[in-house]
Number of protein chains: 2
Amino acid sequence: MSGARSRTRRAILSAAASVLARDRTATLPAIAEAANVGRTTLHRYFPDREALIRETIKDSAEVVSRSVQDAAPHEGPPLEAFRRVITAFVDVGDRLMFLFGDPRLLESRGPTSQPIAPGDPVLDLIRRGQAEGVFDPELSPFWIRSVVWSLVYTGCEEAANGNLPRHGVVSTVLRTLENGITRTPARSS
Amino acid sequence: MSGARSRTRRAILSAAASVLARDRTATLPAIAEAANVGRTTLHRYFPDREALIRETIKDSAEVVSRSVQDAAPHEGPPLEAFRRVITAFVDVGDRLMFLFGDPRLLESRGPTSQPIAPGDPVLDLIRRGQAEGVFDPELSPFWIRSVVWSLVYTGCEEAANGNLPRHGVVSTVLRTLENGITRTPARSS
DNA sequence: CCGGAATGGAACGTCAAAGTTCCATCTTGG
DNA sequence: CCAAGATGGAACTTTGACGTTCCATTCCGG
C-alpha cells in the first residue's frame, strides 16, 4: 500500500470516528467531507457503510488499546497506574466516544467479541488493585470498568460542551472515581 | 380529548421512548408495532418523525421530573434524599436512557432549554448537600449531576444486559457514588 | 518529464423509510 | 341500538441516502 493510500485511509477512519461519535446517523457524504475526500474516494476504500463502520471500530479499538498499553497499567502502584490509564483514555476521547456512544455497536459485532484490549489490561489492573486492597473488593471488576468508561465519557462530553476545561477533565474524573461525590474525610493516603 | 385518544397517545409515547432508547434509528413502523397501533394511527397523532421525537422528549422529561419530585429531594438529610432520588431515577430508567442516550437530543432542541426538571430540584439537592458538608464542595454541582445521570444510565445498561441484577442497581450505583471505586476506609457514617 | 496511481465530480439506478389518501371495520358514548 | 369517533390496512407518491459507473484532473514516484 502506497503512502498516499495509507494516509487517506487513516484520514477517513479518523474523521469517521469523530463524526460518528457526535451523530451515529451521519451520512456518508458528511463523513467524506469531514475527511476532506470525495464521496467516490470513500467508497473506493470502503465498499459500503457496513464496511466503514466495521473498520472504524477495529481501528478505534486498536488506537485505544495501544494507548492503554503505553500507559503501562501493569507497572507500579495500582493508583498511579490507574491515573496513567485514565489520562490515556481522555487523550483518545474521540475514539472512546465513538466506541461507547452506541450501546449496540459493541454488541452487534460478533458474539463475545472484545474489541477493546483483548485480555483487557484494564480489568487486570482493577483486579490487582482489589487484591492489594486499594479498590473496593465488593464491586465487580466489570462494574468498575464500566464506571471508568462512563466517567471518562462524561468528562469528555462536558469538555466538548465547554462545561469543563480540557485540562481539568483528568483530575476531575480521577477525584470522582477515587472518592465519589461525597466530601473527602481526610483519609490516610 | 377523549379517553381513548389520551390512552393511545400515552401508549405511543411510552413505546417510542422505550424503542428509541435501544435504537435511535428505529423506524416508525417498528415504533407503531411496539405501541400496538397501526402506522396510520401513529401518523394521525404525530404528523412526522420530528414531531414524534419532540413530543416524546417532552413527555419523558415530564415523567422523569414528576418522579424526582415524588422523591421529595428537598426534604430530610441530603444523603437520604439523594438515595430516594437515585431510586426514582432507576425506576424510570427507560425514559432516562432515551433522553440521555443521544447527546444531540438535549442540545438540538432549543437553546439553553432545560427539558429536565425546570429549576432543577436535583441541582438544589446537590448544593444543599455541599452546604451541609456532605458532598464534595470542590466538584461543580453540574459535574455531580452529570455523574449521577451517567452512573444511573450505566447501571440501567448493565441491568439491561444482564450483568447486574435489577434489584442491585440502586445499591451499586449509590455505593459507587458515595465512595468511588476505592476501598471504603471505615468512615464515620 | 512521464505514465500510472489516486482523486473528485457528475450522473444514474436502486431501495427503504417517510408521509399521504381512502375506505372498511371496530369501538363507544348517548 | 345507532351515529360519531377511532382504528387498521392497503396502495400510492415522495424523498433522500446509498451504491455504481465513467471520465477528467491532479498527484507522485521513477
Side-chain angles (χ1 to χ4, degrees), chain A residues 1-60 97-98 101-105 107-109, chain B residues 1-60 97-98 101-105 107-109:
Chain A
M1 175 177 295
S2 87
R5 283 196 70 83
S6 159
R7 231 178 308 115
T8 302
R9 183 186 161 87
R10 271 199 301 273
I12 293 177
L13 288 175
S14 175
S18 179
V19 170
L20 290 175
R22 288 174 181 76
D23 178 11
R24 80 190 58 179
T25 69
T27 65
L28 295 187
I31 295 174
E33 188 186 1
N36 281 312
V37 300
R39 193 163 73 97
T40 310
T41 301
L42 196 155
H43 272 100
R44 236 191 293 279
Y45 282 78
F46 307 96
D48 52 28
R49 185 186 183 89
E50 174 61 23
L52 174 61
I53 302 279
R54 184 168 9 94
E55 292 301 306
T56 305
I57 291 178
K58 196 174 158 191
D59 176 69
S60 288
M97 291 185 71
F98 162 67
D102 188 346
R104 297 187 322 142
L105 259 194
E107 301 167 9
S108 60
R109 320 284 160 173
Chain B
M1 175 178 295
S2 85
R5 282 195 72 83
S6 161
R7 231 176 309 117
T8 301
R9 184 185 160 88
R10 272 199 302 275
I12 293 177
L13 289 175
S14 174
S18 178
V19 170
L20 290 175
R22 288 174 182 77
D23 178 10
R24 79 190 56 180
T25 69
T27 66
L28 294 188
I31 295 174
E33 187 185 1
N36 281 311
V37 300
R39 195 163 70 98
T40 311
T41 302
L42 195 156
H43 271 100
R44 212 172 266 123
Y45 282 79
F46 306 96
D48 53 28
R49 186 187 182 88
E50 173 62 23
L52 174 62
I53 302 278
R54 185 169 7 95
E55 293 300 306
T56 304
I57 291 177
K58 196 174 157 192
D59 175 70
S60 288
M97 291 187 72
F98 163 67
D102 188 346
R104 297 187 322 144
L105 262 193
E107 300 166 9
S108 60
R109 321 286 161 171

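Naming: A, B, ... by sequence-line order, numbering from 1 per chain.
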* All side chain to side chain contact (heavy atoms under 4.5 Å, CB included) counterparts of A:Ala4, not counting sequence neighbours -> A:Ser2, A:Arg7
When the side chains of residues 27-43 of chain A are checked against the rest of the protein, which donor-acceptor pairs come out under 3.5 Å, sequence neighbours left out?
residue, atom, partner, partner atom, Å
A:Thr27, OG1, A:Ala30, N, 3.3
A:His43, ND1, A:Arg39, O, 3.3

* For the helix from C:dC1-D:dG30 to C:dG30-D:dC1, figure out the bend between the end axes, five pairs an end, and round to 10 degrees. => 40°
* Return the value, rounded to whole Å, for the distance between atom CZ of B:Arg7 and atom P of C:dT28. => 7 Å
* **Integer-rounded Å distance: C:dG19 P and B:Ile53 CD1** => 10 Å
* To do: Quick one: list whatever passes side-chain hydrogen bond (donor to acceptor under 3.5 Å, both in side chains) with A:Arg44, sequence neighbours left out.
  => none
* Structure fact -> Output for pair (B:Leu52 CG, B:Glu50 CD), nearest 0.5 Å, gives 9.5 Å
* Asked: Rounded to whole angstroms, how far apart are CD on A:Glu33 and P on C:dG9?
  -> 10 Å
* Could you list all the side-chain hydrogen bond (donor to acceptor under 3.5 Å, both in side chains) pairs where at least one residue sits in residues 14-23 of chain A, not counting sequence neighbours? => A:Ser18-A:Arg22, A:Ser18-A:Asp94, A:Asp23-A:Thr25, A:Asp23-B:Arg104
* Within the structure, does a side-chain N or O atom of A:Tyr45 lie under 4.0 Å from either OP1 or OP2 of C:dT7? -> yes
With the criterion being N/O to N/O and under 3.5 Å, what pairs connect the protein with nucleotides 16-20 of chain D, and how long is each?
residue, atom, partner, partner atom, Å
D:dC18, OP1, A:Arg49, NH1, 2.7
D:dC18, OP2, A:Leu28, N, 2.9
D:dG19, OP1, A:Arg49, N, 3.4
D:dG19, OP2, A:Arg49, N, 3.1
D:dG19, N7, A:Arg39, NH1, 3.1
D:dG19, O6, A:Arg39, NH2, 2.8

* Using side-chain hydrogen bond (donor to acceptor under 3.5 Å, both in side chains) as the criterion, list what pairs up with A:Arg49, not counting sequence neighbours. => none
* Structure fact -> Output for pair (A:Leu13 CG, A:Thr8 OG1), nearest 0.5 Å, gives 11.0 Å
* To do: Starting at CZ of B:Arg10, measure out to CD1 of B:Ile12 and round the result to the nearest 0.5 Å.
  => 12.0 Å
* Given atom CZ of B:Arg44 and atom C1' of C:dT27, what is their separation to the nearest angstrom? -> 14 Å
* Asked: Over how many whole Å does the gap from A:Arg5 atom CZ to D:dG29 atom P extend?
  -> 15 Å
* **Partner residues of A:Arg24 under the side-chain hydrogen bond (donor to acceptor under 3.5 Å, both in side chains) criterion, sequence neighbours left out** => A:Asp102
* **Between C:dA18 (C1') and B:Leu52 (CG): distance, integer Å** => 12 Å
* Residues in salt bridge (charged side-chain N to carboxylate O under 4.0 Å, His left out) with B:Glu55, at least two apart? -> B:Arg9
* Measure the distance from CD1 on B:Ile31 to C1' on C:dA17 and round it to the nearest whole Å. => 12 Å
* To do: Enumerate the residues from residues 13-23 of chain B whose closest heavy atom to DNA chain D is under 4.0 Å, giving them by residue number; use none for an empty result.
  => none
* To do: Take atom CZ of A:Phe46 and atom P of C:dT7, then tell me their distance rounded to the nearest Å.
  => 12 Å
* To do: Check whether any side-chain heavy atom of B:Phe98 sits under 4.5 Å from a side-chain heavy atom of B:Val19, and report yes or no.
  => no
